[in-house]
Participant: 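Quick one: structure below, then a few questions.
Naming: A, B, ... by sequence-line order, numbering from 1 per chain.
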Amino acid sequence: MKYVDEYRNQKDAEQLLRAIHRRATRRWTIMEVCGGQTHGLLRYGIDEALADVVELIHGPGCPVCVTPAEQIDRAIELAERPDVLLTTFGDMLRVPGSRRSLATARSTGARVRAVYSPLDALMLAEREPDLQIIFFAVGFETTTPATALAVQQAARRGLHNFSLLTAHVRVLPAMEAILRSPDNRVQAFLAAGHVCTVTGQEAYEVPCRRHQVPIVVTGFEPIDLLRGILACVDQLESGRCEVESRYRRCAHREGNPQARRIIEEVFEPCDQPWRGFGMMPQGGLRLREMWREFDATSRFTETASICEVDDRCRSGDVLSGRIRPMQCPAFGKECTPDSPLGAPMVSGEGACAAYFQFHPTIQNAAVDSPGRKT
Amino acid sequence: MSGETSGCPLPSDDGGRVLLAHGEGAKLTRRLLDEHVFPRLFGTGMRPLEDAALLPPLSGSPVLATDSFVVSPLFFPGGDIGSLAVYGTVNDLLVRGARPLWLTLSMILEEGLPLSVLDRVLDRIAAAARCCDIAIVAGDTKVVPRGAADGLFLSTAGLGQLVEPAPIGVSEIKPGDVVLVTGPIGRHGIAILTAREGLRFEPPPTSDCAPLTAAVAALRNSQAAIRVMRDATRGGVTAVLHEWSRDSGLTLFVDERQVPITPEVRGACELLGLDALSVANEGTMVVVISPEDSIRALAALRDAGYAGATAIGEVRSRGVVPVVVSRALGREQPLVEPSGAPLPRIC
């Protein structure tokens, strides 16, 4: 398959692994920002193959994971209203709020439906005029343009039964927060390729210069990841720090100006709490004043209960790269993909799920119960 | 039901749709059977006269299977709920080593279902039963209020007779045995997903919904020593391998690069982030076979029209994990059972 097979070629991968080993004179610490990259690195064993020359720290780029529990509680509360059908991406359904997930709420009568696009939610709003269709919007800049477009189309079509519960997040403030942190160990970033298809890479120049950190726009296939890592190591070894792209087949320097314009028209940056980080300055997006009628939180007066997340879950430390998933005491014991305590164990981009899935020894310890045959 | 009758339309035959009265055992029930069900399933003239079917004695062990079908949508590219019900039950019997003989059919109809839809489903059931040479010998029809079912649910029981030599069973699989599939995997799950979610892939993926009669016959005629066979339905190949690992105490290994996958399924899986190994099939099975017989068995399958039949892995002595997969770069890792299906109600 074109654009897939050539980026999973074993010979090319081996060559790149050798090149990274040759180039590195010491062990460097690199953070891959996006959860999709984390899964790629673990799925293909790249983290292990490079363990002696590169420490990969897993970044916060799993939008489902950083959505605060109180926002999920709010979504559940809305979904339980008799006049509401709450739609969201499938990944979000099993993520625990403070007490329940949307999936468990659905089993007790809340109206929740998984959609593939906010435009599907819009279609539902057209088809079900007697229901209030709320789209629980999560995602980084990759998914934000479609949400913005849905709002504009809802306005154009006069769909007053469509609204948003917004949990969109912005990737750059998170990278800034990590770099500013006093215990930061990140020496270079693999920037999330898909986000850059929208945002472009110019915005990365500022943190790159300010913190003297190489930033390499990187894709998700093994060859993409290895090329990104090689570029980081090359910059670090030669003492350079630049923004460069190793994902040119998708991410252009200027990104997608049209998509950026649509985001700009509909949303404005705002401070937003992130799970694991606390309040992230400019880390979220809210609807601009002129679109506020599509804001579910102002349309429905609800009382979002203040909630406590299960304190056995250390997802905050995982998301900010302070600990690795298996350093969490609950990992693989109280917390598994079947009964997750935190979002990173649920999401297709979550770091804990990646470790659980791809690390044989860890999984063995976690899965093999005493009663199992050997 | 008393609470529901107030909302029930008057029991008059409005011709076009299933009414609650069609399930109440009186005149309309008889008309539904006489005008829609019997002629389609049995042709004119012949029909079952009693509630229970008296069957002739068997000369070998009887093999019994039961299954239910709630797939949405009722019609999908490559199949429909009717043929799925027949083939699914037939396949359950076949992989256990039986010759399928008789089928029962229960229908739960939702009030308001267009009779034309029911007719189409019945036509497909009849055609599928003819194709598998299996006789429908008993049945039942119920109607539930609108909203209590989704159009139409089917439930079956299949009875067959064991054909010797039967597969020896999962407890007898041994390290070194070969794991093979009879064709490209994941087609049913992806066909349902694209049909239900309105995803517009070109060409549209089609289900592999089909009886495995010819595959089982080919394996039998090749005289290969079959350890165990299983149609890889919900949970796909992954679920079958996990079950076999649990039941045998051994590790099952699969090499992803050997697994046959159509470009349509591969593309959809890449796009949607699914693992084809865990996507459902409805006419593709996994077989464990002794290594010395595997080449002969594969040749026999291919001669019988299963061009995609491929050896995809092997049985190993028990390692640290139950099921191991080798992916693109050759690294071996656990193949985990997905926590939940990416899509419910696929069969």
Side-chain angles (χ1 to χ4, degrees), chain A residues 1-5 7-14 16-17 36 39-40 42-49 90-91 93-94 103 114-117 120 123 220-223 225-226 336-340 345-349 353 356-368 372-374, chain B residues 170-171 193-194 196-201 238 242 244-251 253 255-257 261-278 317-344:
Chain A
M1 178 179 286
K2 217 177 161 203
Y3 300 121
V4 174
D5 292 330
Y7 294 97
R8 289 181 195 168
N9 182 296
Q10 189 163 354
K11 277 210 179 83
D12 293 349
E14 282 161 5
L16 282 160
L17 284 169
H39 273 249
L42 271 83
R43 184 185 184 103
Y44 296 106
I46 294 171
D47 59 327
E48 285 183 346
D91 251 15
L93 297 189
R94 292 181 55 238
V115 290
Y116 285 89
S117 154
D120 294 344
M123 247 153 46
F220 302 84
E221 296 297 335
I223 301 297
L225 292 161
L226 287 165
T336 66
D338 291 330
S339 58
M345 190 55 103
V346 183
S347 165
E349 293 183 67
F356 193 89
Q357 202 169 335
F358 300 126
H359 262 267
T361 46
I362 288 168
Q363 205 209 11
N364 180 47
V367 174
D368 269 4
R372 193 173 195 86
K373 285 187 204 171
T374 49
Chain B
V170 66
S171 56
L193 185 70
T194 47
R196 192 182 316 167
E197 302 299 328
L199 307 174
R200 285 187 286 272
F201 291 123
T238 306
H242 271 273
W244 285 346
S245 173
R246 267 195 303 275
D247 294 344
S248 67
L250 298 170
T251 284
F253 166 79
D255 184 345
E256 187 185 49
R257 289 163 298 187
I261 303 180
T262 61
E264 296 92 285
V265 169
R266 176 117 196 260
C269 284
E270 290 292 343
L271 201 65
L272 300 169
L274 302 175
D275 186 351
L277 284 168
S278 303
S317 52
R318 175 66 199 216
V320 286
V321 285
V323 183
V324 176
V325 62
S326 168
R327 303 228 191 236
L329 302 191
R331 177 180 181 256
E332 292 185 6
Q333 58 191 210
L335 179 61
V336 290
E337 282 184 292
S339 290
L343 188 76

Participant: Heavy-atom pairs under 4.5 Å with chain A - which of B:Gly267, B:Gly198, B:Ala328 has more of them than the others?
Facilitator: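 Greatest number of close heavy-atom pairs with chain A: B:Ala328.
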
Participant: Who pairs with B:Asp255 by salt bridge (charged side-chain N to carboxylate O under 4.0 Å, His left out), at least two apart in sequence or on another chain?
Facilitator: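 Here the qualifying residues are B:Arg257.
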
Participant: Is the backbone N or O of A:Leu42 less than 3.5 Å from a side-chain atom of B:Arg331, with the two atoms forming a donor-acceptor pair by type?
Facilitator: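 Such a contact is found between B:Arg331 side chain and A:Leu42 backbone.
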
Participant: Enter the distance from A:Met1:CE to B:Ile261:CD1 here, rounded to the nearest 0.5 Å.
Facilitator: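 Spacing of CE (A:Met1) from CD1 (B:Ile261) equals 9.0 Å.
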
Participant: Rounded to the nearest 0.5 Å, what separation is found between the CD atom of B:Gln333 and the CD atom of A:Glu48?
Facilitator: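 Atom-to-atom, B:Gln333:CD and A:Glu48:CD are 9.5 Å apart.
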
Participant: Roughly how far, to the nearest 0.5 Å, is the CZ atom of B:Arg327 from the CZ atom of A:Phe358?
Facilitator: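 So the CZ of A:Phe358 and the CZ of B:Arg327 are separated by 6.5 Å.
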
Participant: Contact part of B:Leu272 toward chain A, heavy-atom cut-off under 4.5 Å: side chain, backbone, both or neither?
Facilitator: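 Side chain only.
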
Participant: To the nearest 0.5 Å, how far apart are CG in B:Leu329 and NZ in A:Lys11?
Facilitator: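 If I round to the nearest 0.5 Å, the distance is 13.0 Å.
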
Participant: Using side chain to side chain contact (heavy atoms under 4.5 Å, CB included) as the criterion, list what pairs up with A:Asp120, not counting sequence neighbours.
Facilitator: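 With neighbours one apart ignored, the set is A:Val115, A:Tyr116, A:Ser117, A:Met123.
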
Participant: Under 4.5 Å from any heavy atom of chain B, what part of A:Pro337 do you find: side chain, backbone, both or neither?
Facilitator: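 Its backbone and side chain both get close to chain B.
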
Participant: Chain A heavy atoms under 4.5 Å from B:Arg266: which part of the residue, side chain, backbone, both or neither?
Facilitator: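 Both backbone and side chain of B:Arg266 come within 4.5 Å of chain A.
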
